[in-house]
Amino acid sequence: MSSKSLPYSKKDVHYDNAKFRHRSFFKVITQTLQTSNVKNHCMSCSTGKFLLLLMIFGVAYLMLTHTSPTTDGLVKGGNNGTYEHIKSGGIRFGNIFRKPPRLPPQLPPDEKGSRGNIGLDHRKLNSDPKWIARQQNVKKAFIHAWLGYKKYAMGYDELMPVSKRGVDGLGGLGATIVDALDTAMIMGADEVVSEAGLWIETQLSNKINQTGQVNLFETTIRVLGGLLSAYHLSSVENGMDPTHKGPKPVVYLETAKNLADRLLTGFTSSPTAIPFGDIVLRDPSAHPAPDGLSSTSEVSTLQLEFNYLSSVSGDPKYTVESMKVLEHIKTLPKVEGLIPIFISPSTGEFAGENIRLGSRGDSYYEYLLKVWLQKKRESNFTYLRDMYEEAMKGVRHRLVQKSIPNGLVFVGELPFGADSSFSSKMDHLVCFLPGTLALGATKGLTKEEAMRNNMLNFEDLENLKLAEDLAKTCFEMYSVTSTGLAPEIAYFHTMEFSEGGLDGGNKSSEYMNDIIIKPADRHNLLRPETVESLFVLYRITEDPKYREWGWQIFEAFEKYTRVDTGGYSSLDDVTSVPPHKRDKMETFFLGETLKYFYLLFGDSSVIPLDKFVFNTEAHPIPIEGTAKMG
C-alpha cells in the first residue's frame with residue numbers, strides 16, 4: 001500500500017513562484033508613477049516636470065552612492081580546495097538592473113519547524129565546531145580499529161579483536177585493508193593510506209595469483225570496488241593532493257584488472273547470462289554453488305564496478321559481460337517489479353517465490369538505480385530506471401505496512417510468493433532503502449534544489465516521504481534496545497502478528513510494543529545500512545535530525561562494541577547490558593559504517609551525491625561525465 005500522508009500536493013511542484021520575488025525600491029517608484037494619478041497631475045505643469053526629474057535623479061544618486069552592509073561569503077580557492085572568506089560592499093552599476101533571483105519553493109509549515117537553521121545556510125552547520133569535533137571522534141575510532149587490525153591481523157581478511165588474531169573468511173585477500181583504504185583517504189589518515197597502499201603494492205597481486213575459491217559478489221564489492229575507488233581518489237588528475245601517500249594510482253588499477261580478469265571467469269563459464277558465484281582465482285575457473293543457485297542480489301550487484309573498470313581501462317569486456325545480467329533479468333517475469341531472491345545460472349530462471357528486500361534481494365534494487373545514475377548520459381540504459389521505478393511502486397503497494405500501536409512504517413516480506421501471506425519481518429539490511437529512495441527522488445541534489453528546478457514529480461515526493469518514514473523506523477530499531485544498537489532482524493506488531501515479551505529492553509521507548517526482537521535475531525554485526533541512509537537523507541533534506549540520530553548510534557557503538565586493546569566487535573545480544581562480544585570486526589565497519597558516519601558529520605561538498613554513486617560496500621564510484629574519470 002502506498003503512504004497516505006504526502007509532504008506536498010502535486011500543485012506545489014509546479015506552481016509559478018514569481019509572486020514571491022522581491023521588488024527593488026527603484027521598481028516600486030517607477031511602477032507607482034506608471035499606474036497612479038501622480039503621473040497625470042505632475043506632467044500637466046512645468047513645475048511638476050521639474051520636480052519629477054529632480055526626484056528621479058535623486059533616487060539614481062542614492063542607489064549609485066549607497067554602500068550596502070558588508071556581507072561575508074565563501075569561495076573555493078587555492079590549490080588545496082579550501083574555502084576563503086570574501087567581503088563585498090556597495091552596489092555595482094550593473095547590479096541595478098539585474099533580475100532578482102527566484103526564491104525557492106515555499107516549504108509547508110510542518111517542515112519548516114523540523115529543519116532548524118539549516119535551511120538558511122547549511123554551510124554554517126558544516127563548519128559548526130560541534131560537528132567538526134564529532135567527525136574527528138569518528139576518525140579516532142577508525143584509527144583505533146585500524147591499529148587493532150594492524151597489530152593482530154595484518155594481511156588477514158578480518159580481525160577477531162577479543163582473541164587478538166586474524167581470520168580469513170573472504171578468500172584471504174586482506175579484505176579489511178582494501179575495504180578501509182578509501183575511508184582512510186577521505187579522512188586524511190595518511191599513515192593508514194601508506195600502510196595499506198604498501199601492502200597492496202607488495203602483497204596483493206601474489207595473493208590473487210595464488211588464492212583458491214572466493215565469492216564473486218563479495219570479492220567484487222569489497223576488493224575490486226575498493227581498488228577502483230582508491231585509484232580514482234589517489235589520481236592527481238582527479239583533483240587529489242599531488243603529495244598523496246601510498247603507491248602510484250596505476251598500481252591500484254593494474255591490481256584491479258588482474259583480479260577482474262579472473263573474476264570474469266564466472267561470467268564466461270556459465271551457460272546463461274547469470275554468472276557462477278564461486279571462482280577459483282589461481283586457475284582461474286568457476287562453478288555454481290552446491291545447490292546450483294545464485295542469490296539474485298549477488299549476480300546483479302557487480303555492474304557499477306565492472307562498468308567503471310571498462311571506463312578507466314578502455315576495455316569494454318567488463319561492461320559487456322556484467323551488463324548481460326541486468327539485460328537478461330529485464331526479460332524475466334516479475335510481480336510489480338519485484339523478483340524472487342534466487343536465480344539459476346544453469347537455466348537463467350528465478351528459483352522459488354520468496355520476495356524480500358533483505359538478504360539476497362536488497363542490492364538488486366539498489367543497483368538498478370545506481371547503474372542508471374552511473375550511465376544516465378547513455379540512452380540505452382534507461383530501462384534500468386524504468387525497472388527501478390516499477391519496483392518501488394511494487395514495494396509501496398505490496399510490502400509497506402504500519403505497525404501497531406504507534407504506526408511505524410516498515411517493509412515486510414512475501415516468503416511464499418506474491419499470493420502468500422505477508423510477513424512483518426524486516427532485516428536491518430533493508431535500512432539501505434531510505435537512502436536509495438531519497439537518491440532516486442532527487443538524483444543526488446538537495447530536495448530544495450530539485451524542487452526549485454521543478455525536478456520532482458508526484459511519485460518522487462511519495463518516495464521521499466517513504467524514505468523519511470522508513471529512516472525513522474530504522475532509527476527506532478536502535479533506540480528501542482537496551483544498548484541503543486539495532487538487532488540483525490526485527491518483526492513488527494500488526495493486526496495479524498504479535499508476540500509478547502520480546503521487546504528491545506528500553507522500557508522508555510515509545511515504540512517498545514511496536515518492535516518485536518526474537519532471541520535468535522538479537523545480534524549486531526556493526527552494519528552500516530541505517531547510517532548510510534541517515535547520511536543520504538541529511539545530504540538531500542538538510543534536516544539536522546539525521547545527524548543527531550547518527551551521533552546517538554555512534555555513541556552506542558563506542559560504548560558497547562569498542563575493544564580497548566584495538567578494534568571493535570560485533571555483539572551477541574543488543575537487548576542485554578553489558579552485551580557479550582562475538583569477537584569479529586567485519587571489514588565493512590571500516591569500509592562502510594565509519595565512512596558514512598564521517599561523511600554524515602562533515603561538509604556536504606565531500607563526495608557529492610550528484611557526482612558519485614557509492615557501491616554497495618560504500619566505495620565511491622564517479623558518475624560518468626560529472627566527476628573526473630581518471
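This one's a predicted model, so the numbers in the text were calculated from it and none came from an experiment.
Checked by atom type, the side-chain pair R222/T587 shows a donor-acceptor distance below 3.5 Å. Using modelled atom types and a 3.5 Å distance limit, the side chains of H428 and T530 yield a donor-acceptor pair.
No side-chain donor-acceptor contact under 3.5 Å links D179 to the backbone of A175. The backbone N or O of S570 sits nowhere less than 3.5 Å from a side-chain atom of T561 that would complete a donor-acceptor pair. A donor-acceptor contact shorter than 3.5 Å links the side chain of S310 to the backbone of T319. The backbone N or O of T347 lies less than 3.5 Å from a partner atom in the side chain of S344, making a donor-acceptor pair. At distances below 3.5 Å, at least one donor-acceptor pair connects side-chain atoms of N307 with backbone N or O atoms of Q303. In this structure, D427 contributes its side chain and L429 its backbone to no donor-acceptor pair below 3.5 Å. Under the 3.5 Å distance criterion, the side-chain polar atoms of T296 are matched with a main-chain donor or acceptor of I341. No donor-acceptor distance shorter than 3.5 angstrom exists from the side chain of D182 to the backbone of G226, with no hydrogens or angles considered.
The pair E488-R527 meets the salt-bridge criterion, with a side-chain N (NZ, NE, NH1 or NH2) lying under 4.0 Å from an Asp/Glu carboxylate O. For K330 and E327, the salt-bridge test fails: no basic side-chain N is under 4.0 Å from an acidic carboxylate O. Salt bridge absent: R262 and D283 never bring a charged side-chain N and a carboxylate O closer than 4.0 Å. Taking a cutoff of 4.0 Å between a charged side-chain nitrogen and a carboxylate oxygen, E413 and K425 qualify as a salt bridge. A salt bridge does not link D315 to K257: none of the charged nitrogens lies less than 4.0 Å from a carboxylate oxygen. Classification of K559 and E555 as a salt-bridged pair fails, no side-chain N sitting under 4.0 Å from a carboxylate O.
With contacts defined as side-chain heavy-atom distances shorter than 4.5 Å, the pair F142/V192 qualifies. With contacts defined as side-chain heavy-atom distances shorter than 4.5 Å, the pair M185/L181 qualifies. For the pair V167 and Y156, the minimum side-chain heavy-atom distance is 4.5 Å or more. Between F597 and T593 there is a side-chain heavy-atom pair separated by less than 4.5 Å.
For the ring-ring contact (aromatic ring centres under 6.0 Å, His included) criterion with F267, the lone passing option out of Y318, F276, F306 is F306. Just one of F588, F535, F601 meets the ring-ring contact (aromatic ring centres under 6.0 Å, His included) condition when paired with Y596; it is F535.
Ring geometry for Y308 versus Y231: interplanar angle of 30 to 60°, hence tilted.
In this structure, L600 CG and F554 CZ are separated by 11.5 Å, a value rounded to the nearest 0.5 Å.
Under the ring pair (Phe, Tyr, Trp, His ring centres under 6.0 Å) criterion, Y364 pairs with no residue at all, not counting sequence neighbours. Looking at residues two or more places apart in sequence or on another chain, you find no salt bridge (Lys or Arg N to Asp or Glu O under 4.0 Å) involving D278.
Taking the six-membered ring where the residue is Trp, the centroids of W372 and F381 are separated by 6.0 Å or more. The aromatic ring centres of Y252 and H232 sit 6.0 Å or more apart.
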